[in-house]
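In what follows, a structure is listed as structure tokens, so that the remarks can point back to it.
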Amino acid sequence: MSQALCRVDDIEDPGAKGFSLPGPERPSEIFVVRTGSDVNAYVNSCPHIGTPLEFRPDQFLTRDRREILCSTHGARFEIATGACIAGPCRGQSLRRVPVEVAEGWIWLDHPAA
């Protein structure tokens, strides 16, 4: 079952936005990153120790907006793949969340676990 998250234009280019999704046991925290027409979504949990990536709401990217940043330990991740390219979890990846873009909206394909 699909769920609309937001309009693509609701996210800066490049930019990111976090979402809390209701779940059976607790809400799932995810975030969506937009770069041009590309949209990628990940679970908001650093593979290093499981903390949320941002200290401030929707602040998921480095200052130059070219990478995803974990504010806790400075790990950096590729936007397109979620792969950690620097920091304590190098070689690990963020957990991808399936989304699609249709008619200007970002749709969550399946609830995050």
Side-chain angles (χ1 to χ4, degrees):
M1 187 167 154
S2 294
Q3 173 184 346
L5 294 175
C6 69
R7 295 195 55 78
V8 173
D9 291 342
D10 291 342
I11 301 176
E12 289 184 58
D13 179 16
K17 185 171 180 57
F19 297 90
S20 262
L21 305 173
E25 296 177 20
R26 64 179 177 81
S28 294
E29 304 296 321
I30 68 168
F31 67 102
V32 175
V33 183
R34 173 188 179 198
T35 51
S37 61
D38 293 330
V39 174
N40 294 283
Y42 301 98
V43 173
N44 185 6
S45 178
C46 181
H48 179 221
I49 58 172
T51 59
L53 295 169
E54 87 287 22
F55 281 142
R56 295 177 49 209
D58 301 332
Q59 300 297 310
F60 293 96
L61 302 181
T62 56
R63 286 184 188 221
D64 64 7
R65 297 179 177 214
R66 293 183 182 185
E67 297 165 338
I68 298 165
L69 174 69
C70 175
S71 297
T72 303
H73 292 108
R76 294 188 330 250
F77 303 86
E78 292 180 341
I79 290 174
T81 66
C84 182
I85 54 174
C89 52
R90 188 178 197 129
Q92 295 179 303
S93 293
L94 298 172
R95 195 166 79 198
R96 184 175 291 281
V97 175
V99 292
E100 64 180 36
V101 176
E103 298 180 16
W105 286 85
I106 300 170
W107 294 86
L108 177 67
D109 287 339
H110 305 301

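Side chains included, hydrogens not; waters and symmetry mates left out as well; all remaining heavy atoms used.
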Cluster membership besides Phe55, Ile/Leu/Val/Met/Phe/Trp/Tyr side chains within less than 4.5 angstrom, sorted by chain and number, is none

Apply the hydrophobic cluster definition, ILVMFWY joined by side-chain contacts under 4.5 Å directly or through others, and give me every member besides Ile85. none

Please list all pairs meeting side-chain hydrogen bond (donor to acceptor under 3.5 Å, both in side chains) that have one or both residues in residues 51-60, counting only residues at least two apart or in different chains. Asn44-Glu54, Thr51-Thr72

How would you list all residue pairs meeting side-chain hydrogen bond (donor to acceptor under 3.5 Å, both in side chains) that involve residues 81-90, not counting sequence neighbours? Glu78-Thr81

Got Ile11 and Ile106 here, is their nearest side-chain heavy-atom distance under 4.5 Å? yes

Should [X] and [Y] be counted in the same cluster of Ile, Leu, Val, Met, Phe, Trp and Tyr side chains packed under 4.5 Å apart?
{"X": "Val101", "Y": "Val97", "answer": "yes"}
{"X": "Val99", "Y": "Val8", "answer": "yes"}
{"X": "Leu21", "Y": "Phe60", "answer": "no"}

Restricting to side-chain contact (heavy atoms from CB on, under 4.5 Å), what partner residues turn up for [X], sequence neighbours left out?
{"X": "His73", "result": "His48, Ile49, Pro88"}
{"X": "Arg7", "result": "Asp10, Trp105"}
{"X": "Thr35", "result": "Pro14, Asp38, Ile79"}
{"X": "Leu94", "result": "Phe31, Tyr42, Pro47, Leu53, Ile68, Phe77"}

Looking at Ala83 and Ser93, what are the two nearest heavy atoms and their distance? CA-OG, 3.5 Å

Which residues pass the side-chain hydrogen bond (donor to acceptor under 3.5 Å, both in side chains) test with Arg76, not counting sequence neighbours? Glu67

According to side-chain hydrogen bond (donor to acceptor under 3.5 Å, both in side chains), who are the partners of Thr62, at least two apart in sequence or on a separate chain? Asp64

More than 12 heavy atoms of other residues, nucleotides or ligands under 6.0 Å from CZ of Arg96: yes or no? yes

Restricting to salt bridge (Lys or Arg N to Asp or Glu O under 4.0 Å), what partner residues turn up for Glu12, sequence neighbours left out? Arg65

List for me each residue that meets salt bridge (Lys or Arg N to Asp or Glu O under 4.0 Å) alongside Asp9, sequence neighbours excluded, and say none if there are none. Arg34

Roughly how far, to the nearest 0.5 Å, is [atom2] of [Y] from [atom1] of [X]?
{"X": "Asp109", "Y": "Gln3", "atom1": "CG", "atom2": "CD", "result": "11.0 Å"}
{"X": "Cys6", "Y": "Leu108", "atom1": "SG", "atom2": "CG", "result": "11.5 Å"}
{"X": "Phe19", "Y": "Ser28", "atom1": "CZ", "atom2": "OG", "result": "14.0 Å"}

